Amino acid sequence: FQLGMAVLLASYVVTGLVMALASSLPGLIVAPKEVLIAILSFIAAQILASGPVQARPESGPATLLVCMGLTTFMSGLFFFLMGRFRLGRLIRFLPFPLIAGFFISVGVLLVEVSFTVMVGRPVSPGALLTLPPETVVLWGSGLGFGVTAFLVSRRTEHYLTIPLLTGAGIAVIFLVARLSAISLEEMQTLGILLPPVGIGPILPLPVMELFGIASWTVVLEQWPRMLSLVLLASLSILLFISITEVGVDKEIALERDLKAVSLGNMVSGLFGGVVVMHEPVDTGIARQLGADSRLTGLLFSFF
């Protein structure tokens with residue numbers, strides 16, 4: 001858990017700094033995408049359940065980080081090639097029904113992964129009724145919040161809607177825990193809160209140092225999924241750049257941004273990082289607040 005947090009933070013910092021300085025859009029904010037993280041979590045489950053890793057558990061984290069690093073590095077390399085040969089413009093020739101159908105399938109995957117995260121083990125939405133009754137507090141509260149957020153967001157498009165709902169949800173959970181005399185340690189044990197971060201270095205290791213520990217048999221088994229994630233990332237970044245342009249009503253130099261984000265992701269990949277790209281919602285909110293300078297991206301990356 002501690003190593004995973006370090007990797008995510010490093011991905012934010014490295015790619016965020018590069019894009020804050022090199023993007024054609026001042027005030028741009030970048031972030032990992034839930035769609036890609038969902039696929040990574042599926043890859044992680046496959047790795048940790050594989051025979052070689054079960055036989056040598058210490059190779060599990062190293063194998064996962066190698067897969068993540070190689071995938072992020074390849075995605076960055078693919079971004080560079082798209083920018084170098086101006087392939088990003090091909091997004092205009094992809095039929096909308098194809099793109100929409102693709103993201104519907106990804107949405108189904110996100111729903112399934114969300115239940116897996118809440119319960120703490122692989123489970124599909126259809127299998128919820130077969131789970132032990134005590135798990136209802138985990139997935140039931142998450143499902144309730146998701147439905148509430150969906151219904152409220154359909155009625156209002158104010159940018160503070162989701163942050164306020166999130167704050168209210170946190171307050172309700174801690175209030176119920178207080179009334180039920182449940183301590184923070186018990187909430188962590190139950191899976192309501194994230195586990196505590198251990199004591200030790202928080203800087204991620206270079207992926208090259210993990211090559212000797214990782215199980216390369218398992219890495220090779222994940223190549224089809226890793227390549228699928230690279231293709232999905234390449235499609236996603238073009239869509240998110242287009243959405244960002246619409247949201248801020250300003251054109252982005254596509255080739256320049258693709259080359260810049262490729263550099264950030266390739267460097268991040270050397271440390272096992274995840275793919276990071278344009279974040280249209282946060283960028284739009286920042287510009288509405290008047291934070292449209294490169295200092296915005298720099299501060300966001302560090303804080």
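Model, not experiment: these values are computed from the prediction. Just the heavy atoms: all of them, side chains too, but no hydrogens, waters or symmetry mates, feed the values below.
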Do other residues, nucleotides or ligands put more than 12 heavy atoms under 6.0 Å from Arg56 CZ? yes

For Arg256, look at atom CZ and say whether over 12 heavy atoms of other residues, nucleotides or ligands are found less than 6.0 Å away. yes

Measure the spacing between [atom1] of [X] and [atom2] of [Y] and express it to the nearest 0.5 Å.
X: Leu77; Y: Phe79; atom1: CG; atom2: CZ; value: 10.5 Å
X: Arg178; Y: Ser180; atom1: CZ; atom2: OG; value: 11.5 Å
X: Ser262; Y: Met277; atom1: OG; atom2: CE; value: 12.0 Å
X: Thr244; Y: Asp249; atom1: OG1; atom2: CG; value: 13.0 Å
X: Ser11; Y: Asn265; atom1: OG; atom2: CG; value: 8.0 Å
X: Glu279; Y: Phe300; atom1: CD; atom2: CZ; value: 7.5 Å

NZ or CZ of Lys33 within 45° of Phe240 ring axis and under 6.0 Å: yes

Is it possible for you to say whether [X] and [Y] belong to one hydrophobic cluster, with membership spreading through side-chain heavy-atom contacts below 4.5 Å?
X: Leu229; Y: Met68; result: yes
X: Ile29; Y: Leu9; result: no
X: Leu81; Y: Ile241; result: yes

Taking the side chain as everything from C-beta on, heavy atoms only, tell me whether [X] gets closer than 4.5 Å to [Y].
X: Pro32; Y: Val274; answer: yes
X: Leu210; Y: Leu65; answer: yes
X: Leu165; Y: Thr161; answer: yes
X: Val53; Y: Val218; answer: yes
X: His278; Y: Thr283; answer: no
X: Phe271; Y: Val7; answer: no
X: Met74; Y: Phe78; answer: no
X: Leu238; Y: Leu254; answer: yes

Taking every non-hydrogen atom, the tightest pair across [X] and [Y]:
X: Gln54; Y: Leu48; result: NE2-O, 2.7 Å
X: Gly269; Y: Val207; result: O-CG2, 3.5 Å
X: Arg294; Y: Met19; result: NH1-O, 4.3 Å
X: Leu258; Y: Gly88; result: CD1-CA, 4.4 Å

Between Ser215 and Ser59, is there a side-chain donor-acceptor contact under 3.5 Å, judged purely by atom types and distance? no

Quick one: do the Ser24 and Asp257 side chains pair a donor with an acceptor below 3.5 Å? yes

Who clusters with Leu184? Use side-chain heavy atoms, under 4.5 angstrom, across I, L, V, M, F, W and Y, and order the result by chain and number. Val137, Leu138, Ile170, Ile173, Phe174, Ile182, Met187, Leu190, Ile192, Leu193

